[in-house]
Amino acid sequence: LETYKNPSWEIGGDYGKAWSENWTLKFIGLYANKGNDSEQRIDNTYDTVTVFEDFKSFSRRKSTEAISRLSLSYIGFIGHDIEFGSEVAINTLNTDLEYLERISGSLQETSINNAALGVKETRVESFINDTWGLSEKATIETILVGEYSEIGITGDANNKRNFFFLKPTLDYRYNFNPKNQIKVSI
């Protein structure tokens, strides 16, 4: 027998504002909350005697995601669309597992390693990109992204790591027609 409850919801929005004929401000935000509570029970029959709840487990899992992004776009140079800004994302996951097993006729809690854990990732990303229209059919896009990320685990186990990446990208696109395009990325 298994039962599940899934309380989940999310909300998001975006806002854009032209400050002048060359400058545009954009803001995007999202928050998501996902949960999953489950119960599992196994009944077994031994020599025509049914043993109800031979084992039982309860699992609780909750995750959240919060993202916000702020960017400015500038189109003051002929043929160029320049955008720069930052994004912050915070993701969490919390889990808890309880396991009961029939021992000597009664259900008893059984210890499980890392049954209660929390994971949190905080990511900050700053970027600048320039989309350069070479012609009506060809564009080059240069992108530089710097990302800092911290991931931590708490609960029955504890650990934390930090990461930093620079991610440059160069894209060339050529549109043969509205349905066919070739793209080369480095």
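Because the structure is predicted, anything quoted here is derived from the model rather than measured. Start at 1 with the first residue, then count along the sequence.
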Is there a donor-acceptor pair under 3.5 Å between the side chain of N177 and the backbone N or O of N180?
yes
Would you say that I182 contacts R173 through its side chain, given a criterion of any heavy-atom pair below 4.5 Å between the two side chains?
no
Any side-chain heavy-atom pair from Y172 and L134 closer than 4.5 angstrom?
yes
Contacts under 3.5 angstrom, residues 75-86 side chains, donor-acceptor by atom type, not counting sequence neighbours:
unit_1, atom_1, unit_2, atom_2, d
H80, ND1, D130, OD1, 2.9
H80, ND1, D130, OD2, 2.9
E83, OE2, S71, OG, 2.9
S86, OG, S126, OG, 2.8

Just do the side-chain contact (heavy atoms from CB on, under 4.5 Å) check on N33 and K62 with the steps written out, would you?
CA-CA 7 Å; N33 184 39; K62 180 181 178 188; 3.0 Å; yes
In short, salt bridge (charged side-chain N to carboxylate O under 4.0 Å, His left out) pairs touching residues 145-156 with sequence neighbours left out are E147-K167, E150-K160
Just wondering, more than 12 heavy atoms not from I11 lying within 6.0 Å of its CD1?
no
For T64 and T92, does a side-chain donor sit closer than 3.5 Å to a side-chain acceptor?
yes
Under-4.0 Å salt bridge between K34 and E65:
no
Salt bridge present between D96 and R60 (N-O < 4.0 angstrom)
yes
Which heavy-atom pair separates A89 from I67 by the least distance, and what is that distance?
CB-CG1, 4.0 Å
Stepwise side-chain contact (heavy atoms from CB on, under 4.5 Å) test for R61 and L93
CA-CA 7 Å; R61 181 182 181 125; L93 172 65; 3.7 Å; yes
Under the side-chain hydrogen bond (donor to acceptor under 3.5 Å, both in side chains) test, which residues partner D171, sequence neighbours left out?
S185
Between side-chain atoms of residues 13-31 and protein atoms elsewhere (two or more places apart, or another chain), which donor-acceptor pairs fall under 3.5 Å?
unit_1, atom_1, unit_2, atom_2, d
S20, OG, N22, N, 3.2
S20, OG, W23, N, 3.3

Residue set satisfying side chain to side chain contact (heavy atoms under 4.5 Å, CB included) with S59, at least two apart, ordered chain then number -> S38, L97
Sequence neighbours excluded, the answer for salt bridge (charged side-chain N to carboxylate O under 4.0 Å, His left out) partners of K120 is none
